[in-house]
Number of protein chains: 2
Amino acid sequence: MNDVLVVDDDPHILKALKITLHAHGYTVVTAHDGESALQCAARHPFGVIVLDLGLPDIDGTTVITRLRQWSRVPVLVLSARHGSDDKVKALDAGADDYVTKPFGLDELLARLRAVQRRSIQADEAPVVRTASFTVDLAMRRVTRNGKDVRLTPTEWGILEILVRNPEKLITQHQLLTEIWGAAYTKEANYLRVYMAQLRRKLEPEPGNPRHFMTEAGIGYRFQP
Amino acid sequence: MNDVLVVDDDPHILKALKITLHAHGYTVVTAHDGESALQCAARHPFGVIVLDLGLPDIDGTTVITRLRQWSRVPVLVLSARHGSDDKVKALDAGADDYVTKPFGLDELLARLRAVQRRSIQADEAPVVRTASFTVDLAMRRVTRNGKDVRLTPTEWGILEILVRNPEKLITQHQLLTEIWGAAYTKEANYLRVYMAQLRRKLEPEPGNPRHFMTEAGIGYRFQP
DNA sequence: ACGGATCTTGACGCCGTCTTAACGTGCGCG
DNA sequence: CGCGCACGTTAAGACGGCGTCAAGATCCGT
């Protein structure tokens, strides 16, 4: 859902936005008029659409209206016009935000984040599922076979770090400093104790871990 | 859900907004600083909050951050500062839109409509029922076995935050800062006293709580 | 000013969590 | 083959948080 569709008839702005957004981790698709923008949006589900109001073929507000007949994708409008009439029309047509040129790129990025955050919240909670248990980061809750699993604060701390970095190797040093503080980097024993408890509570076979893998001498890795 | 909370320290702007919004069908409540705004928001579910960044007591961005710890109500920020740094901070803290003064009233109204339209899907039932009691957030009333239960202001404050976030774990820190203020984050004792009172008034078995669960070392969770 | 409700504060026993240590196991390396 | 290292497992004691109660202190309406 990090795909963004940028619609503008000015090739310079288009190129600048494409480069900037790409540099910030977005996958960018561009369109230069309203019709192709609508077709693009219909063919591919974007996380957000950046739309210039001054398009050669159809009015930008019309684009929003037609888009809103079947899609709820967040739309951020760009415009050179400062007239509040245009803003009102675009927003009431279904736009989610409105930025007038010239604009700061960091402001645009912040508004993009704000607009996207809302649509994500409306859609789904940050939940991580595995074959044997489910972790709900927002609710701070772990479920296994439909039953809640009771975790102590330390257990949850470790689980959260691992689960937020799936497939990624987390060093013992990282875990120890994050949970206990920088003074405890030598207490690898703590990790062994708590990893054993986590596995006993969450793994189908605590002796043969499938989700909490240990990399000897380095750290641990969470496998969804 | 047409209630709007307007937060501004300038009484003239406050009055002007109140009149204008009221003329357009909104029910308006006003606050003149950050603390009272947060308390207002905790006691009454608003459809949208209009927040000026320049408040006398706490930074507007901080208000948003604290509000976002337990509420998803749409927030529209007003500010005299054109600097994009302020915009970025406010938006990333969780604001939904940002308008710089001076602004057109019709633009503000349009942005209000846009912000509210998005949150419609997320709107919540104002009354929460459990097996043993019923909470009406709008009426500020708790019923048990058909009888009204009398709650003190503090008891209600805690209950409301918990009930507005069903299933979700609320940290002691969140509760203490929202009810007593940021200076009381060490007084976990208060929570124990009031949780005991809430359970005595609402739980079938205060000793074996079924709805107000405590997560040792972290906080509390409301179970409908 | 008075009285009741509400909030603050302290003390106590209980229980869960953390810490720590000891022991067993598997693996690599000399 | 045996030694050492890292890891897994377990258990016991220390520690701190939690629930509970009750006694002041404070707020508020009459």
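All chains are named by letter (A, B, ...) in the order of the sequence lines, taking the proteins before the strands, and each is independently numbered beginning at 1. These values consider heavy atoms only, across backbone and side chains, with no hydrogens, waters or symmetry-generated copies.
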(request) Using heavy atoms and a sub-4.0 Å distance, could you list which residues of residues 206-224 of chain A are near DNA chain C? By number, please. (result) none

(message) Could you check whether any side-chain heavy atom of A/Leu202 comes within less than 4.5 Å of a side-chain heavy atom of A/His211, counting everything from C-beta outward?
(response) no

(message) If you compare all heavy atoms of A/Ile179 against all heavy atoms of A/Gly157, which two are closest, and at what distance to 0.1 Å?
(response) CD1-C, 3.4 Å

(request) Scan side-chain atoms only and decide if A/His44 and A/Asp3 contain a donor-acceptor pair under the 3.5 Å cut-off. (result) yes

(message) On a heavy-atom basis, which atom in A/Asp136 and which in A/Trp156 lie closest, and how many Å separate them?
(response) O-CH2, 3.9 Å

(request) Please confirm whether A/Tyr194 and A/Trp180 have ring centers closer than 6.0 angstrom. (result) yes

(request) For DNA chain C, find the residues of residues 181-201 of chain A with a heavy-atom distance under 4.0 Å and give them by number; none if there aren't any. (result) A/Tyr190, A/Val193, A/Tyr194

(message) I'd like to check B/Leu137 versus B/Glu160 (side-chain heavy atoms, cut-off strictly below 4.5 Å). Are they in contact?
(response) yes

(request) For B/Ser36, check side-chain hydrogen bond (donor to acceptor under 3.5 Å, both in side chains) against everything at least two apart and list the hits. (result) B/Asp33

(message) Under 4.0 Å, heavy atom to any atom of DNA chain D: which of residues 151-168 of chain A qualify?
(response) none

(request) Please report how far the helix from C/dA1-D/dT30 to C/dG30-D/dC1 bends, comparing the axis fitted to its first five pairs with the axis fitted to its last five, to the nearest 10 degrees. (result) 40°

(request) Using side-chain hydrogen bond (donor to acceptor under 3.5 Å, both in side chains) as the criterion, list what pairs up with B/Lys201, not counting sequence neighbours. (result) B/Glu155

(message) Just to verify, what does B/Asp52 make a salt bridge (Lys or Arg N to Asp or Glu O under 4.0 Å) with, not counting sequence neighbours?
(response) B/Lys101

(request) Answer whether the closest heavy-atom distance between the side chains of B/Leu55 and B/Val63 falls below 4.5 Å. (result) yes

(request) Give a yes/no answer on whether the side chain of A/Trp180 brings an N or O atom under 4.0 Å of OP1 or OP2 in C/dC18. (result) no

(message) Among B/Thr27, B/Ile49, B/Leu51, B/Val28, exactly one meets side chain to side chain contact (heavy atoms under 4.5 Å, CB included) together with B/Leu5. Which residue is that?
(response) B/Ile49

(request) Decide yes or no for A/Val127 and A/Val135: does some side-chain heavy atom of the first lie under 4.5 Å from some side-chain heavy atom of the second? (result) no

(request) Report yes if the distance between the aromatic ring centroids of B/Tyr220 and B/Phe212 is under 6.0 Å, otherwise no. (result) no

(message) For a 4.5 angstrom cut-off between non-hydrogen side-chain atoms, does A/Gln197 reach A/Ile158?
(response) no

(request) Applying salt bridge (Lys or Arg N to Asp or Glu O under 4.0 Å), name anything that partners B/Glu35, two or more places apart in sequence or on another chain. (result) B/Arg66

(request) Using salt bridge (Lys or Arg N to Asp or Glu O under 4.0 Å) as the criterion, list what pairs up with B/Asp85, not counting sequence neighbours. (result) B/Lys89

(message) B/Ser79: which residues meet the side chain to side chain contact (heavy atoms under 4.5 Å, CB included) condition with it, sequence neighbours left out?
(response) B/Leu53, B/Arg81, B/Tyr98

Identify the pairs formed between an N or O of the protein and an N or O of nucleotides 14-16 of chain D at a distance under 3.5 Å, and give each distance.
none

Could you go over nucleotides 13-15 of chain C and give all protein N or O partners under 3.5 Å, atom names and distances?
none

(message) Without decimals, in angstroms, what is the distance between A/Leu176 CG and C/dC18 P?
(response) 14 Å

